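Handing you a structure now.
Nothing here was measured: the structure is a model prediction, and the numbers come from that model. A note on names: the letters A, B, ... follow the listed sequences, proteins ahead of strands, and every chain is numbered from 1.
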Number of protein chains: 4
Amino acid sequence: MKRKLRMGMIGGGSDAFIGAIHRAAALMDNRIELVCGCFSIDPEISRSSGRACFVPDDRIYASWQEMIAGEYALPESIRMDFVSIVTPNMVHFEPAMAALDAGFDVVIEKPMTWSLDEAVKLKAQVEKSGRTLALTHTYTGYPAVKEARRRIAQGMLGKVRKIYVEYPQGWLSSRVEDDPASNAGWRLDPKRSGKAGTMGDIGTHALNLAEYVSGLRCTEICADIRACVPGRMLDDDGAALLRFGEEVGGVLIASQIAAGEENALKIRIYGEKGGMEWLQEEPNTLIMKWCDRPAERLRVGNGYMSDIAKANSRTPGGHPEGYIEAFANIYRNFALTVSARREGIAPQSEWLDFPTVDDGLRGMQFIETIVASGYEQEKKWIKWVE
Amino acid sequence: MKRKLRMGMIGGGSDAFIGAIHRAAALMDNRIELVCGCFSIDPEISRSSGRACFVPDDRIYASWQEMIAGEYALPESIRMDFVSIVTPNMVHFEPAMAALDAGFDVVIEKPMTWSLDEAVKLKAQVEKSGRTLALTHTYTGYPAVKEARRRIAQGMLGKVRKIYVEYPQGWLSSRVEDDPASNAGWRLDPKRSGKAGTMGDIGTHALNLAEYVSGLRCTEICADIRACVPGRMLDDDGAALLRFGEEVGGVLIASQIAAGEENALKIRIYGEKGGMEWLQEEPNTLIMKWCDRPAERLRVGNGYMSDIAKANSRTPGGHPEGYIEAFANIYRNFALTVSARREGIAPQSEWLDFPTVDDGLRGMQFIETIVASGYEQEKKWIKWVE
Amino acid sequence: MKRKLRMGMIGGGSDAFIGAIHRAAALMDNRIELVCGCFSIDPEISRSSGRACFVPDDRIYASWQEMIAGEYALPESIRMDFVSIVTPNMVHFEPAMAALDAGFDVVIEKPMTWSLDEAVKLKAQVEKSGRTLALTHTYTGYPAVKEARRRIAQGMLGKVRKIYVEYPQGWLSSRVEDDPASNAGWRLDPKRSGKAGTMGDIGTHALNLAEYVSGLRCTEICADIRACVPGRMLDDDGAALLRFGEEVGGVLIASQIAAGEENALKIRIYGEKGGMEWLQEEPNTLIMKWCDRPAERLRVGNGYMSDIAKANSRTPGGHPEGYIEAFANIYRNFALTVSARREGIAPQSEWLDFPTVDDGLRGMQFIETIVASGYEQEKKWIKWVE
Amino acid sequence: MKRKLRMGMIGGGSDAFIGAIHRAAALMDNRIELVCGCFSIDPEISRSSGRACFVPDDRIYASWQEMIAGEYALPESIRMDFVSIVTPNMVHFEPAMAALDAGFDVVIEKPMTWSLDEAVKLKAQVEKSGRTLALTHTYTGYPAVKEARRRIAQGMLGKVRKIYVEYPQGWLSSRVEDDPASNAGWRLDPKRSGKAGTMGDIGTHALNLAEYVSGLRCTEICADIRACVPGRMLDDDGAALLRFGEEVGGVLIASQIAAGEENALKIRIYGEKGGMEWLQEEPNTLIMKWCDRPAERLRVGNGYMSDIAKANSRTPGGHPEGYIEAFANIYRNFALTVSARREGIAPQSEWLDFPTVDDGLRGMQFIETIVASGYEQEKKWIKWVE
């Protein structure tokens with residue numbers, strides 16, 4: 001394909017922080033251009049946001065339905081190739097289904113849908129359509145995370161024994177949702193967010209990270225979750241004991257009332273021979289710890305990193321890449337994969353390394369399972385809800 | 001008392017690492033002298049160890065029974081004042097009971113006894129004897145930990161909401177107990193160690209730290225523990241969800257198969273207004289995190305620290321104190337308290353800040369509770385075993 | 001201006017790491033588009049690089065002279081607005097002069113020119129042309145650096161007393177220049193690099209950072225520089241004592257033979273009341289240290305940061321921004337400033353916060369001064385060469 | 001020698017922080033007992049300090065002259081073996097000379113004497129007496145520092161190229177010497193301190209550390225030193241370019257007006273193959289950095305450390321040792337060496353690893369050299385003053 005991929009956006013207007021992140025991530029590698037959007041449920045905001053993004057007026061839409069229909073009606077040489085859906089959870093499923101139905105590829109925020117049932121249907125739709133869906137589980141886009149996954153797959157730690165994943169944030173320590181300008185409101189509202197609050201918002205990231213790096217699948221959960229701040233209808237804090245099959249245990253922590261924490265997602269995995277540690281707030285460093293020799297501090301951008309890490313970084317060692325670059329890796333790998341399909345060539349294996357509808361489905365199963373366990377008082381272990 | 005306190009030791013010979021730590025901790029503040037000991041169950045090792053410590057031959061004993069009888073028979077102006085018991089768990093209770101019976105004060109390693117039943121009896125004996133028992137939960141001896149407790153008690157974090165305590169070690173990742181020179185053997189043997197392995201050895205430290213700093217008491221536990229390395233009869237790994245009453249949740253991690261970890265005890269506590277974090281491997285730093293302003297890095301030895309931290313540190317800021325100094329704080333506060341009692345004066349409140357028989361009993365209750373929960377498959381929450 | 005700014009590139013082809021960084025930085029904020037370029041001195045590489053960037057063939061040029069002439073000949077509605085010059089040092093001056101002469105604005109890599117004489121002339125040309133020149137001293141683009149400058153300007157540290165700036169890299173520890181694929185070759189060649197090696201390449205960054213953050217100007221230098229690795233004609237290592245007027249001292253370290261270091265630019269400034277510290281490899285953190293209270297750890301993206309930091313960051317706290325975002329801040333502020341000028345409106349003061357031709361001139365004076373001092377054996381202090 | 005070594009103290013009363021440190025360091029390894037002292041120039045403070053240390057009244061002296069005479073007059077079976085001199089600099093030389101003359105061994109604080117001339121004489125006296133003098137350059141007592149020295153000696157970094165040593169403190173940022181209770185007064189008074197302030201107090205530590213770890217000797221200095229805070233007669237801040245022979249360069253920073261710093265002594269050494277880094281405030285970690293593989297984080301107390309580190313540490317990995325233990329290593333190695341000499345046996349090589357009169361002389365030469373260079377305005381390099 002001798003041209004950039006054309007992106008449309010649903011959501012992500014000037015009233016939403018995440019829209020600008022998606023645009024920066026999509027644009028920075030010079031493979032994608034923004035051509036259209038319905039940037040807000042409020043047509044005025046959609047209009048002003050689109051103009052601020054230099055989208056021509058005739059490609060700024062007042063509703064996502066209009067946008068999909070409108071773009072579909074355009075000549076192929078002009079119309080968008082894919083849509084990015086960055087709206088609250090209850091507005092994921094329908095536009096994604098419609099976009100796929102119209103032949104567009106899809107990038108979508110996590111959690112993938114409002115309910116598990118929607119996720120099952122969306123997966124079927126992706127398969128039926130032959131289109132590609134990328135889920136923005138940003139954190140597995142970091143090169144150091146890919147390095148970690150690779151090294152575990154190569155057996156460097158020996159058999160995995162224990163997984164600790166934690167995701168403490170503090171921004172919901174007080175009732176920020178009472179401020180209408182906050183984007184906490186919909187996240188704590190079951191009608192817009194779904195069954196879970198914190199567990200959907202960041203617990204899914206934690207679980208995805210644990211499974212991605214370890215290559216294992218969670219099979220049972222014993223959780224304690226709660227709305228800690230009075231008046232909330234959804235969880236803002238929780239923790240769980242995990243099992244990954246018979247022999248591997250784990251602990252998952254996700255909290256948004258960990259006052260003073262920013263975005264301290266962290267994973268540690270221990271095997272027979274050693275352990276590894278990665279902290280999102282220092283994302284270019286991967287620590288490998290050994291029983292019988294000094295710990296090593298791997299740094300992204302150096303020659304000793306594996307090919308998968310190199311394919312997902314842009315700078316030499318010591319020139320930090322961050323959250324937007326991790327995000328950009330998802331967009332770039334998605335774009336490379338989609339472009340390859342459109343050109344009829346086989347994608348390189350490293351291009352396929354982005355979260356898909358399967359990860360999205362698994363995230364919704366996680367929400368279902370942890371909510372079931374988290375409020376349960378009697379029964380200890382809840383099997384993973386398929 | 002115009003003299004140093006006289007210490008006898010049970011255990012702690014040249015075949016045990018912890019003996020030298022106890023001696024360094026006891027001696028460094030120049031308030032205690034070592035006068036006698038039964039340093040090993042092996043009389044030859046006891047003899048050579050005693051001589052290496054410059055103990056005269058007539059004060060080196062072949063058994064703890066001989067030592068207590070022998071010292072008791074000496075004139076008061078010569079005989080030991082207190083005994084330090086640093087033997088494996090199954091040799092804690094009897095010598096402690098006998099020492100108290102003979103009027104000696106006692107310092108004892110954790111866990112306090114082999115069984116909960118013994119702990120109950122020992123507490124009764126302490127109370128009956130009017131003597132003082134100090135338990136060497138070293139980590140609450142650190143000045144930064146005392147600072148943390150003080151600041152939480154003063155309400156700086158607001159109401160506490162969440163407690164994370166973790167204690168990963170890696171030294172039992174392989175079967176080190178097969179090496180007879182290892183001191184892992186007795187720790188993994190129920191006959192010598194008691195009901196728990198890792199949970200007794202380091203889980204008790206973690207729980208003690210959580211309760212000491214927060215000022216709260218654990219009331220329910222939901223745990224998953226196991227012997228991860230094949231062939232072990234006691235747990236070497238585990239984690240638990242905790243409740244401290246109705247409104248405060250927690251997570252406790254203790255593992256000795258976290259390959260590559262050294263001694264990474266860490267506590268984080270979050271309240272309404274902020275959080276705090278302390279890591280044993282960087283013990284002179286206490287991090288205070290805030291919702292609305294930058295995190296602060298408190299450092300031991302500075303003028304802004306509270307009196308309790310100052311009373312338990314020896315050097316100016318930036319001159320690190322460590323594990324032995326934390327240990328020494330227990331000995332010094334114990335010595336000051338015992339000396340005060342003997343002189344008939346009231347101890348200053350900060351001298352009383354060391355772990356006692358109550359902490360020891362609570363540790364044994366913790367072992368009882370977490371073992372009950374840890375292997376339980378059906379019932380989720382186990383109430384604290386009194 | 002209701003459109004994006006149109007960028008052309010000189011240099012930055014697929015044989016140069018820095019080109020992709022410039023493009024990502026320019027594109028990510030969706031205010032600039034890449035329309036043309038002469039990407040390499042090798043027309044084939046220029047062609048393939050341009051195509052890989054989706055530049056149409058008729059806007060890919062074989063020489064920078066052709067490009068400036070060609071673009072100038074295009075209608076204003078199409079032609080580039082500014083040119084980014086990312087070539088080796090000896091190809092900075094001429095294209096910049098020509099571009100300004102043709103009315104284009106200019107972004108240029110540091111050091112600004114090959115010689116001080118060129119820099120003086122270029123400054124005159126900028127002033128004469130009324131155009132804008134931005135110099136990519138990336139590191140002052142970081143929001144935490146801007147916060148540091150602001151806080152010092154506000155007097156938070158009191159009167160500044162001491163400045164330590166250091167920039168250790170290790171990549172020239174061996175003769176990497178013997179590999180033709182390395183981009184070390186031209187940097188160590190006086191004909192292409194100028195009078196200095198390391199001092200031009202990274203020493204200028206260090207000096208720029210020190211002056212930017214402190215608000216002070218270096219007035220005297222006493223340096224020791226050398227080519228440490230045998231056979232080099234330019235310095236690969238050095239250090240200097242600095243004076244900033246009569247009362248403020250400093251130390252500058254710049255080395256590319258600090259084996260094992262990546263890109264560890266660091267600045268510390270001490271005043272009467274406290275100190276501050278910033279490390280490029282952890283760029284979102286600014287440490288403020290105080291004589292009488294705990295050190296504070298300021299983190300980019302939080303509400304307590306000042307407006308200038310907020311205006312130069314994109315993500316909430318804990319979502320790391322990195323090197324490319326710092327770079328992007330220069331492009332964005334340059335673009336906002338240029339667009340404002342073209343629209344005839346006054347730029348906001350924070351848009352003007354990017355390095356200009358004055359910084360470029362000052363960098364060339366630094367090279368002149370430190371080279372003069374660095375090989376001097378007798379005379380201690382060399383006055384800043386104006 | 002089947003007994004502990006008997007220590008007497010000159011200085012170190014309750015009005016001096018460092019006395020308690022010396023006692024803790026001497027006592028903790030159970031090889032030394034405190035038997036006598038003249039703890040202060042004020043006989044009342046000497047008396048009360050001695051009693052607080054449980055020294056009997058007849059061994060508490062009113063002057064150091066009385067003490068040396070008094071102890072000398074006692075039977076050999078009772079009298080002290082060595083004296084620790086922990087007084088201000090101007091009271092080092094005379095008591096040390098007298099003690100050696102009377103056949104006592106000596107431990108002495110740094111800088112060794114008030115003047116270089118005294119140091120030369122003291123060295124002659126040590127040699128003549130056949131006695132042992134240990135200088136308490138505490139920082140080379142750390143096991144990680146000994147590991148660093150060993151690894152460089154083994155050639156792990158290849159040929160050394162560059163040494164950075166820095167020692168920033170902030171406690172003299174304001175006029176603390178105006179408080180009579182401060183121990184800053186004598187340090188800033190040339191009559192009591194000697195030619196240098198900060199350079200004598202901590203600059204000597206920095207130089208000693210650089211030479212100890214690298215195994216190299218400084219040959220030339222180009223320094224800038226000054227009294228930054230008005231009214232001071234001695235330097236409180238400075239920095240220097242160093243040469244270690246023809247081919248190795250260095251930078252030394254020492255400041256006591258680095259506001260907000262505690263005791264941040266740090267050394268970095270770079271060779272052909274890699275670099276190393278050690279920071280006193282995290283003393284149990286040694287970082288090894290490599291050109292072509294990940295940096296390693298060596299931690300004291302682990303099996304992979306070399307014998308010299310193991311011989312100077314007491315705890316397993318992760319149980320931090322600190323400043324007092326580093327200090328204790330000097331006392332213990334001194335005690336082992338002295339005891340061996342007295343028993344007529346050859347000391348083991350690792351016992352001899354403590355700073356001696358040669359280090360003390362070198363420190364005084366450093367002061368002489370850096371003061372000569374530091375105020376010099378014209379001449380760049382000053383040769384090391386022998």
Option among His22(D), Arg23(D), Met28(D) that satisfies the side chain to side chain contact (heavy atoms under 4.5 Å, CB included) test with Ile324(D):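 Among His22(D), Arg23(D), Met28(D), the one that satisfies the side chain to side chain contact (heavy atoms under 4.5 Å, CB included) with Ile324(D) is Met28(D).
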Selection from Glu282(B), Glu262(B), Glu261(B) maximising heavy-atom pairs under 4.5 Å formed with chain D: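 Counting heavy-atom pairs under 4.5 Å, the top option is Glu262(B).
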Glu325(B) bridged to Arg314(B) by N-O distance under 4.0 Å: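 Salt bridge flag = no for Arg314(B) with Glu325(B).
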Between Ala328(B), Gly317(B), Pro320(B), Gly322(B), the one whose heavy-atom pairs under 4.5 Å with chain D are most numerous: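 Top option by heavy-atom pairs under 4.5 Å: Pro320(B).
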Leu34(D) portion near chain B, given a 4.5 angstrom heavy-atom threshold: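 Side chain only.
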Best-contacting candidate, Glu321(D), Glu33(D), Gln280(D), against chain B by heavy atom pairs under 4.5 angstrom: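 Result: the option with the highest number of such pairs is Gln280(D).
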Under 3.5 Å side-chain donor-acceptor pair for Tyr139(D) and Asn263(D):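 Distance-only check passes for Tyr139(D) and Asn263(D).
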Derivation of the side chain to side chain contact (heavy atoms under 4.5 Å, CB included) call for Trp278(B) and Val145(B): CA-CA 7 Å; Trp278(B) 178 79; Val145(B) 169; 3.5 Å; yes
Ring geometry between Phe17(B) and His319(D) (parallel below 30°, tilted from 30 to 60°, perpendicular above 60°):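 Correct class here is perpendicular.
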Short side-chain donor-acceptor distance under 3.5 Å, Ser306(B) and Glu147(B):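 Judged by distance alone, the side chains do pair up.
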Contact leader toward chain D among Thr285(B), Thr138(B), Asn284(B), Leu27(B), where contacts are heavy-atom pairs under 4.5 Å: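 Among the listed options, the one with the most contacts to chain D is Leu27(B).
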Portion of Asn302(D) that has a non-hydrogen atom of chain B nearer than 4.5 angstrom: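 The side chain, not the backbone.
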Between Ala26(B), Pro316(B), Ala25(B), the one whose heavy-atom pairs under 4.5 Å with chain D are most numerous: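 Highest number of pairs under 4.5 Å: Pro316(B).
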Residue Asn30(D) versus chain B: region with a heavy atom under 4.5 Å: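 Both backbone and side chain.
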Note: Arg299(B)-Glu281(D) ion pair, threshold 4.0 Å (strictly below):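 Judged by the 4.0 Å cut-off on N to carboxylate O distance, Arg299(B) and Glu281(D) do form a salt bridge.
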Portion of Phe327(B) that has a non-hydrogen atom of chain D nearer than 4.5 angstrom: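 For Phe327(B), no heavy atom lies under 4.5 Å from chain D.
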